[in-house]
Amino acid sequence: MHMLTAALPFAGFYGSQHDAELDYAMTAMFSNDQGDPNQGLTDRLSSACCWSAVHRAYAKEFSECFCEEAGIHHARFESMDSPKFYNFETDRMFIKLPLKEVQRMMRETSTASLAQVAGERHTSRSGFISFYSPDWRTWGDVTCWDHNQLQTLIEAYVLDTHGELDETGLMESARGNGRPEEWIEDNTPGVERLYRVHDYLRTREART
C-alpha cells in the first residue's frame, strides 16, 4: 500500500493550551483536598519527568483524535519533531496515510478552500518566506505532495467538512480519563516515592 506522510495542524507545546493541560495534570497529582498543589513535589516531578516521552504520547493521542473527528481514515501516527529552540518554530507531528485516502480527500475538498488555505499558509510576507507557491494548482499531482502540502489539503478538507476543529477540545476524553496523568507517571522515575511523600503530608494535614 502506497503511504504518504502528512503534517497535522498542531499548536505545539511551547506556551500553548496543550502545555497548560500538562501543567494542570502535573499540579493535580500533588494537590490537597482544597485543590492547592504542593509546589515542592510539583517541582521535583517536573525535574524528573522525561517530558519528550510525555509529549510523544500526547501527540499520538492527539493525532488519533484529530483523524477520527476529521473523518480521515486508515491514518496512523508516525512521529513528532521538536525544535532545539522555540524562537521561530514549534513542535510538529506527522501521520502516515494511504494514497487512496489522500485522493479521496482531494476529490471531496473544494478548490475554493484549497485556494484559501494555500494562500494563508504559503504566501510570503514580512518575517516569513514561503518555499511553496501559494497557488496549489502549480504543485503537480497530489501523489507527489510533501508533508507541508498535504497539511494544506487536510486543513482545507477540515474547513469544508467541519469549519474548524478545537485542538484542546479534541483531548477532552483523554483529559477526563486521566490520560495526561498516566503519561506523566509512566515517564517519571521515582514517582512512587513522590506519591508516598504526598500521601504522608495529606494524612498529617488531616490530623491537624
Worksheet item: Passes side chain to side chain contact (heavy atoms under 4.5 Å, CB included), R137 versus T111? Steps please.
Response: CA-CA 9 Å; R137 294 175 181 81; T111 56; 3.9 Å; yes

Discussion item. Show, in sequence, the C-alpha distance, side-chain angles and deciding distance for F66 and V158, and conclude whether the side chain to side chain contact (heavy atoms under 4.5 Å, CB included) test is met.
Written reply: CA-CA 10 Å; F66 182 98; V158 169; 4.1 Å; yes

Worksheet item: Stepwise, does the side chain to side chain contact (heavy atoms under 4.5 Å, CB included) test hold for Y195 with M29?
Response: CA-CA 8 Å; Y195 272 131; M29 292 166 65; 3.1 Å; yes

Worksheet item: Could you walk me through whether Q149 and V142 pass the side chain to side chain contact (heavy atoms under 4.5 Å, CB included) check?
Response: CA-CA 9 Å; Q149 292 163 314; V142 72; over 6 Å; no

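Taking CH2 of W183 as the start and SG of C49 as the end, the distance is 12.5 Å to the nearest 0.5 Å. The CG atom of L45 sits 4.5 Å away from the OG1 atom of T188 when rounded to the nearest 0.5 Å. One finds the SG atom of C67 at 4.5 Å from the CD1 atom of I72 (value rounded to the nearest 0.5 Å). Going from atom CG of D81 over to atom NE2 of H147 covers 8.5 Å, rounded to the nearest 0.5 Å. Here CG of D160 is found 3.5 Å from OG of S110. Values are rounded to the nearest 0.5 Å. Atom-to-atom distance recorded for L41:CG and T27:OG1 is 12.0 Å, nearest 0.5 angstrom.
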Below 3.5 Å, can you tabulate the donor-acceptor pairs from side chains in residues 91-101 to any protein atom, sequence neighbours excluded?
| from | atom 1 | to | atom 2 | distance (Å) |
| --- | --- | --- | --- | --- |
| D91 | OD1 | S82 | OG | 2.6 |
| D91 | OD1 | Y86 | OH | 2.8 |
| D91 | OD2 | F13 | N | 2.8 |
| D91 | OD2 | Y86 | OH | 3.3 |
| R92 | NH1 | N148 | OD1 | 3.0 |
| R92 | NH2 | N148 | OD1 | 2.7 |
| R92 | NH2 | Q151 | OE1 | 3.1 |
| K96 | NZ | T5 | OG1 | 2.9 |
| E101 | OE1 | R104 | NE | 3.0 |
| E101 | OE2 | H73 | N | 2.9 |
| E101 | OE2 | R104 | NE | 3.3 |
| E101 | OE2 | R104 | NH2 | 2.6 |

Run the side-chain donor-acceptor check on residues 15-22: report pairs under 3.5 Å with partners two or more places apart or on a different chain.
| from | atom 1 | to | atom 2 | distance (Å) |
| --- | --- | --- | --- | --- |
| S16 | OG | G12 | O | 2.5 |
| S16 | OG | H18 | N | 3.2 |
| S16 | OG | D19 | N | 3.3 |
| H18 | ND1 | Y58 | OH | 2.7 |
| H18 | NE2 | E167 | OE1 | 2.6 |
| E21 | OE2 | R175 | NH1 | 3.3 |

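W145 pairs by the ring-ring contact (aromatic ring centres under 6.0 Å, His included) definition with W139, not counting sequence neighbours. Remark: T138 pairs with S133, D135 by the side chain to side chain contact (heavy atoms under 4.5 Å, CB included) rule, at least two apart or across chains. Under the side-chain hydrogen bond (donor to acceptor under 3.5 Å, both in side chains) criterion, E182 pairs with R179, not counting sequence neighbours. By the salt bridge (Lys or Arg N to Asp or Glu O under 4.0 Å) test, R202 is found to be paired with D33, residues two or more places apart in sequence or in another chain being considered. T152 pairs by the side-chain hydrogen bond (donor to acceptor under 3.5 Å, both in side chains) definition with R121, H122, not counting sequence neighbours. Applying the side chain to side chain contact (heavy atoms under 4.5 Å, CB included) criterion to D186, with sequence neighbours excluded, gives no partner residue. For R193, there are no side-chain hydrogen bond (donor to acceptor under 3.5 Å, both in side chains) partners, not counting sequence neighbours. Judged as a side chain to side chain contact (heavy atoms under 4.5 Å, CB included), and not counting sequence neighbours, Y24 has no contacts.
Linking Ile, Leu, Val, Met, Phe, Trp and Tyr residues whenever their side-chain heavy atoms come within less than 4.5 Å places Y132 and L153 in a single cluster. In the hydrophobic cluster analysis, where Ile, Leu, Val, Met, Phe, Trp and Tyr join through side-chain heavy atoms closer than 4.5 angstrom, M3 is grouped apart from V102. No continuous path of ILVMFWY side-chain contacts below 4.5 Å connects F128 to F131, so the two sit in separate hydrophobic clusters. Connection of L150 to M106 is established within a shared hydrophobic cluster, with ILVMFWY side chains joined at heavy-atom distances below 4.5 Å, either directly or through further cluster members.
Heavy atoms of other residues, nucleotides or ligands lying less than 6.0 angstrom from CZ of F85 number 12 at most. Heavy atoms from other residues, nucleotides or ligands lying under 6.0 Å from NE2 of H74 number 12 at most. No more than 12 heavy atoms of other residues, nucleotides or ligands lie within 6.0 Å of CD in E172, so this atom counts as exposed by the packing criterion.
For residues 46-72, the pairs satisfying salt bridge (Lys or Arg N to Asp or Glu O under 4.0 Å) are K60-E64, with sequence neighbours left out. Sorted by first and then second residue, the pairs that involve residues 38-52 and meet side chain to side chain donor-acceptor pair (under 3.5 Å), not counting sequence neighbours, are Q39-D43.
Closest non-hydrogen pair, H2 versus L4, comes out as NE2-CD2, 3.7 Å. What you find for P180 and A174 is that their closest heavy atoms are CD-O, 3.5 Å. The two residues G71 and Y157 make their nearest non-hydrogen contact at O-OH, 3.5 Å.
A distance-only check finds no donor-acceptor pair linking the side chain of D36 to the backbone of N32 [under 3.5 Å].
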